[in-house]
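Here the structure comes first, spelled out in structure tokens, and everything after it is commentary.
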2 protein chains.
Amino acid sequence: MTERATDSFQDWLRDRAPERGLRPKAAALLEVLLSQPRRASFGSAAELAQLAGVNVATVTRTAQALGFAGWPALQQELRARYLSSLSAPQVAAEHSGEGSPSSRSLRRDLDSLALLNRRLDESVLRTIAEAVAAAGRTVIVADGSYAAVGMALAHNARLAGYPVAAVTSGDAELANTVSVIGPGDVLIAISFWRLYESTVLAANEARARGARVFALTDAASPALADAAEEVVMVPAEGVAFFPSLTAGMAVAQALVTQLATVDPARTSASIERAEGMWSKFGLLHRRPAPHAPGDEPG
Amino acid sequence: MTERATDSFQDWLRDRAPERGLRPKAAALLEVLLSQPRRASFGSAAELAQLAGVNVATVTRTAQALGFAGWPALQQELRARYLSSLSAPQVAAEHSGEGSPSSRSLRRDLDSLALLNRRLDESVLRTIAEAVAAAGRTVIVADGSYAAVGMALAHNARLAGYPVAAVTSGDAELANTVSVIGPGDVLIAISFWRLYESTVLAANEARARGARVFALTDAASPALADAAEEVVMVPAEGVAFFPSLTAGMAVAQALVTQLATVDPARTSASIERAEGMWSKFGLLHRRPAPHAPGDEPG
DNA sequence: CCAAAATTGCAATGTTCTTTGCACATTCTT
DNA sequence: AAGAATGTGCAAAGAACATTGCAATTTTGG
């Protein structure tokens, strides 16, 4: 199985943890190391600490708790294992002919993303990101399955500290939202495959009201192109009946990444606030407490 | 092929050298960087200097001669290209170098997808698809930004003709939904980066109630793995603070594609019904909408 | 509800690593 | 062959980084 290499990487790291005495913050850090092996392999202790929402000191102490001299020692081990997990299944990549529908879908998405990567003009994304950053408010209109992309974009943009809202729950809400859009606002219309009537209407209305309008779509539609200042074209061809949301999601991701660099201080502050809220509300999962009687907390 | 990727890596590095003015020691160092990319990606300037038989200062100066600010800058570039050559041979040929945050995000997603493409065991997706197809009902639990993936999956699965619902609007609704889950049902937990407490709870509860439980996650967490019959591991590492949703979306897409082939007749019929509804409700855009508001809905 | 233990954050400390000024060596030109 | 220019090494300055002592806060056990 191609999974073995990666599994062994994660298993290995997990096995080093004294199952009982793993402190909450140490566990949080461990999750980051497991889920972001690339960054863990290269980054500094401080970078990983920030990512895990812990103090730098905790990184060192966790490394020591795992049986290493310190962070550098742990990192060296991580590198070796992560790299071998990358190169081990290297041969399996070639078969591009047949396969199950799911494999074909993945390969198609891979192709689409490669195409997108070559075609996309990054200055457009920068323009949009700066517009969102400067806007008093940003509304994302996304209907049908593309609502998912809109939601993700809005969610992460808010996390980055900007007032971005996705309108996904029907034409009534859409009408209400658009009715208060004005100059200084931004509207992003996300529409693939088939344009929804209401999306086009909203885009035109927002434009008429003086807002800046951008569009994410898979086909140059005159209807949207007229209303939009910039149109981002995204390949959305899927294997089956369904258009693929993967490339659109990648654009959303890229957009948020760009947005996060417009005003880094603002974004950092916003993220810190959000993290504070998460822990305050107890949203994150803590490892189950040990059941065995008589075991000492580490 | 490894050769090709390595070649492009080498070509890129060679091309940066000013053809005329390459000093002997700098050339020697360059050979080391080319022949030992792994060490070049991780090692310190001093280590590489010793390997090339040159002084530490030469490393810094060579990096600057190649157009970088210094050794760290060059090394970062080397890492990106070397890792790409490991994880995405077919992609590394193109521009993998510097760029705006948005381009880097796209490239990272591309890498992640390539990794996913090789790592993913398609039989797992088939198992899940068949379970969903056979289930009386399927519930998708997805919190945080990954609610978007859950929504997309549910939306398209419904389109394919299966009763799939995403629970994304808070713990109260989640509790209500889980309370009626039972044998013959399926629960899919989507959770990345940090596990939400309620997601883990829901998965365990559903398992206890006799439902089949599957998980999509970026790190094999024992908390979810214990409850899940199968765990699909998805790379979610993003460029900025935000975890990337792209690979997760690709998996959702692949899953739906697989699902659509389980019972093609059922899916076709469902899609036809949906199309009929769309046109009946006038949802799709037909004519370009005029700029003036008050246009009659199609 | 209090006391003891432990965990985490802050900040100072010590280490490692990169860069750069300066001097010597080598090469190219006149 | 001598002078100029460039390449290279050495060593110190400077920056980044990991580690650890200490204090505050939280958790555990009585």
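Order of the sequence lines fixes the chain letters, A, B, ..., with proteins taken first and strands second; residue numbering starts at 1 for each chain. Bear in mind that the values here come from a model prediction, so they are computed numbers and not experimental data. Side-chain atoms are counted along with the backbone in the values below, which use heavy atoms only and exclude waters and symmetry mates.
Atom CD of A:Q50 and atom P of D:dC17 are 12 Å apart (whole Å). Computed from coordinates, the B:Q76 CD to C:dT18 C1' distance equals 15 Å when rounded to whole Å. Summarising the geometry, the separation between CD on B:Q75 and P on C:dT19 is reported as 10 Å, rounded to the nearest angstrom. If you take CZ of B:F68 and P of C:dT19, they are 13 Å apart, rounded to a whole angstrom. The distance between atom CG of B:L48 and atom C1' of C:dC17, rounded to the nearest whole Å, is 13 Å. Here D:dG7 presents its P atom at 15 Å from CG of B:L29, a figure rounded to the nearest Å. In this entry the distance linking CD of A:E47 with P of D:dA18 reads 10 Å, nearest Å.
Counted by atom type alone, B:S103 and B:S100 present one or more donor-acceptor pairs between their side chains at under 3.5 Å.
Around atom CD of B:Q76, no more than 12 heavy atoms belonging to other residues, nucleotides or ligands sit under 6.0 Å away.
The shortest distance between side-chain heavy atoms of A:L33 and A:L74 falls below 4.5 Å.
The side chain of A:Q64 approaches D:dT20 more closely than any other nucleotide in the set C:dT20, D:dA18, D:dT20. Taking only side-chain atoms of A:W71, from C-beta outward, the nucleotide of C:dG9, D:dT19, C:dT20 with the closest atom is D:dT19. Side chain of A:R61, nearest nucleotide from D:dT20, D:dA18, C:dT20: D:dT20.
Within 4.0 Å (heavy atoms only), B:S44 reaches sugar-phosphate atoms of the nucleic acid but no base atom. At a threshold of 4.0 angstrom between heavy atoms, the contacts of B:A57 include nucleobase atoms, whether or not backbone atoms are also involved. At the heavy-atom level, B:A46 lies under 4.0 Å from the strands shown only through sugar-phosphate atoms.
A donor-acceptor pair under 3.5 Å is formed between the side chain of A:Q75 and the backbone N or O of A:S41.
Taken from CE in B:M233 to CG in B:L115, the straight-line distance is 10.0 Å, to the nearest 0.5 Å.
At least one side-chain nitrogen or oxygen of B:N55 sits closer than 4.0 Å to the OP1 or OP2 atom of D:dC10. Side-chain nitrogen and oxygen atoms of A:T58 include none within less than 4.0 Å of the OP1 or OP2 phosphate oxygen of C:dT7.
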